[in-house]
Amino acid sequence: HGTHVSGTIGAVGNNSNQVTGVNWVSSLLGCKFLNGAGSGQLSDAVECIDYIVATKAAGSADIRVSSNSWGGGGQSNALLDAIQAGSDAGILFVIAAGNSGIDNNCLPAAGFPASENVDTIISVAATTQTDGLAGFSQFGSSTVDIGAPGTAILSTWTGGGTNSIQGTSMATPHVAGVAALVAGANPSLSIDQVRQIVLCTGDDVASVETVTT
């Protein structure tokens, strides 16, 4: 899962390996808190976010965008505090809306933390190859911000080679890659400006815009 989303963000191009990332001159820092079955604790997610904030504060890496292909587990003030600390440090959080096909407006806990009204979060739904909302994708007119390709996504895979899978997890790194491109093109932009550029320059798609902000 992590290898797949990383490839969508930053797989190197022009090397005959089938996959090119959205921003294939980027540098990636991974922080794992889920096990092989995709389960984990929100306290460990907090620790991951604290780690990337500390890494940036130490000057070890200029982290501008955090791509988060995970969610659920109920709402947590500690996690929101960690995200706010990351935002204060100049990190934009791009987060998957979820794969249960429900309205996050009605059940925000099911889409947490993507469904939170934080101005440095971009919540991402999944779209199909024909620009429709994917049937599995969670949505919400006030809790989801944008849609991105999330079905039949070919990317890098653990152990080498590639694999094609689907999910809002696959949509999220497309948006994170775009945000990294924007931030890299003009390093003087604030993360709020990067967020607004990403959200305001996407295509208006009627079938999606009615269920996202």
Item checked: Gap separating the CG atom of L199 from the CD1 atom of I146, nearest 0.5 angstrom -> 5.5 Å
Notebook entry, point to check: For T130, does its backbone N or O pair with a side-chain atom of T128 as donor and acceptor, under 3.5 Å?
Noted result: yes
Notebook entry, point to check: Is H174 reaching over with its side chain to a backbone N or O of V22, donor-acceptor style, under 3.5 angstrom?
Noted result: no
Margin query: With a 3.5 Å distance limit and no angle check, can you tell me whether N99 reaches the backbone of T168 through a side-chain donor-acceptor pair?
Written below: yes
Item checked: Residue pairs fulfilling disulfide (SG to SG under 2.5 Å) with at least one residue in residues 38-112, sequence neighbours excluded -> C31-C48
Check: Under 3.5 Å, is there a donor-acceptor pair linking the side chains of S69 and H1?
Finding: no
Checklist line | Minimum heavy-atom distance between A179 and V198, given as atom pair plus value | finding: CA-CG2, 3.9 Å
Margin query: Tell me the closest heavy-atom pair linking V46 and A82, and the distance in Å.
Written below: CG1-CB, 4.1 Å
Next item on the list: Go through S87 and T120 one step at a time and tell me if the side chain to side chain donor-acceptor pair (under 3.5 Å) criterion holds.
Entry: CA-CA 6 Å; S87 301; T120 50; 2.3 Å; yes
Next item on the list: Provide the full list of side-chain hydrogen bond (donor to acceptor under 3.5 Å, both in side chains) pairs with a residue in residues 11-21, sequence neighbours left out, each pair given once.
Entry: Q18-T162
Check: Yes or no on side chain to side chain donor-acceptor pair (under 3.5 Å) for T3 and T158, after CA distance, side-chain angles and deciding distance?
Finding: CA-CA 6 Å; T3 301; T158 304; 3.2 Å; yes
Note to self: Counting only heavy atoms not in N35 (residues, nucleotides, ligands), do more than 12 fall under 6.0 Å from its CG?
What the structure shows: yes
Note to self: Would you say that V5 contacts T172 through its side chain, given a criterion of any heavy-atom pair below 4.5 Å between the two side chains?
What the structure shows: no
Item checked: Joint cluster assignment, V178 & V12, ILVMFWY side-chain distance < 4.5 Å -> no
Next item on the list: Could you tell me whether the side chains of S190 and D192 share a donor-acceptor contact shorter than 3.5 Å?
Entry: no
Notebook entry, point to check: When hydrophobic residues are tied together by side-chain contacts of less than 4.5 Å, even through go-betweens, does W70 share a cluster with I83?
Noted result: yes
Next item on the list: Could you tell me the separation between the CG atom of L154 and the CE atom of M170, rounded to the nearest 0.5 Å?
Entry: 11.5 Å
Notebook entry, point to check: How close do A171 and A126 get, heavy atom to heavy atom, and via which atoms?
Noted result: CB-CA, 3.9 Å
Item checked: From L189 atom CG to L92 atom CG, the distance as rounded to the nearest 0.5 Å -> 11.5 Å
Notebook entry, point to check: What's the verdict on side chain to side chain contact (heavy atoms under 4.5 Å, CB included) for Q129 and T151, showing C-alpha distance, side-chain angles and the deciding distance?
Noted result: CA-CA 7 Å; Q129 292 171 311; T151 59; 4.1 Å; yes
Checklist line | V175 with V182, same ILVMFWY side-chain cluster at under 4.5 Å | finding: yes
Notebook entry, point to check: Taking all atoms of both residues into account, what is the closest heavy-atom pair of T143 and S123, and its distance?
Noted result: O-OG, 3.2 Å
Next item on the list: Could you note down all residue pairs passing side-chain hydrogen bond (donor to acceptor under 3.5 Å, both in side chains) where residues 42-53 supplies at least one of them, sequence neighbours left out?
Entry: none
Next item on the list: Spell out, yes or no, whether F136 and F139 are grouped together once hydrophobic residues are joined by side-chain heavy atoms under 4.5 Å, including indirect joins.
Entry: no
Margin query: Less than 4.5 Å apart, side chain to side chain, heavy atoms only: is that true for I165 and H4?
Written below: yes
Notebook entry, point to check: Counting only heavy atoms not in Q193, do more than 12 fall under 6.0 Å of its CD?
Noted result: yes
Item checked: Flag, side chain of K56 to backbone of A61, donor-acceptor distance under 3.5 Å -> no
Check: What pairs of residues pass the salt bridge (Lys or Arg N to Asp or Glu O under 4.0 Å) test when at least one of them lies in residues 64-93, not counting sequence neighbours?
Finding: none
Check: Applying the 4.5 Å side-chain criterion to the ILVMFWY set and letting contacts propagate, would I122 and I197 be lumped into a single cluster?
Finding: yes
Margin query: Side chains of N105 and S141 only: does a donor on one sit below 3.5 Å from an acceptor on the other?
Written below: yes
Item checked: Straight-line distance of Q138 CD to L133 CG, nearest 0.5 Å -> 10.5 Å
Item checked: Any pair counted as salt bridge (Lys or Arg N to Asp or Glu O under 4.0 Å), so long as it reaches residues 194-205, sequence neighbours left out -> D145-R195
Item checked: For the student: nearest non-hydrogen atoms of A11 and T156, plus distance -> CB-CG2, 4.3 Å
Check: What is the minimum heavy-atom distance between N104 and A97, and which atoms define it?
Finding: ND2-O, 3.1 Å
Check: Nearest 0.5 Å, what's the CZ-CD1 distance between F112 and I95?
Finding: 8.5 Å
Next item on the list: Ignoring hydrogens and angles, tell me if any N or O in the side chain of T127 forms a donor-acceptor pair with the backbone of D131 under 3.5 Å.
Entry: no
Item checked: Test item: S26 and L28 side chains (from C-beta on) under 4.5 Å apart, heavy atoms -> yes
Notebook entry, point to check: Step by step, would you call I9 with S67 a side chain to side chain contact (heavy atoms under 4.5 Å, CB included)?
Noted result: CA-CA 9 Å; I9 295 171; S67 186; 3.7 Å; yes
Next item on the list: Establish, from distance only, whether the side-chain atoms of S60 and T55 form a donor-acceptor pair under 3.5 Å.
Entry: no
Margin query: Going by side chain to side chain contact (heavy atoms under 4.5 Å, CB included), name the residues that satisfy it together with S66, two or more places apart in sequence or in a different chain.
Written below: I52, N68, I91, F93
Checklist line | Sidechain-backbone polar pair: S155 side chain, T8 backbone, donor-acceptor under 3.5 Å | finding: yes
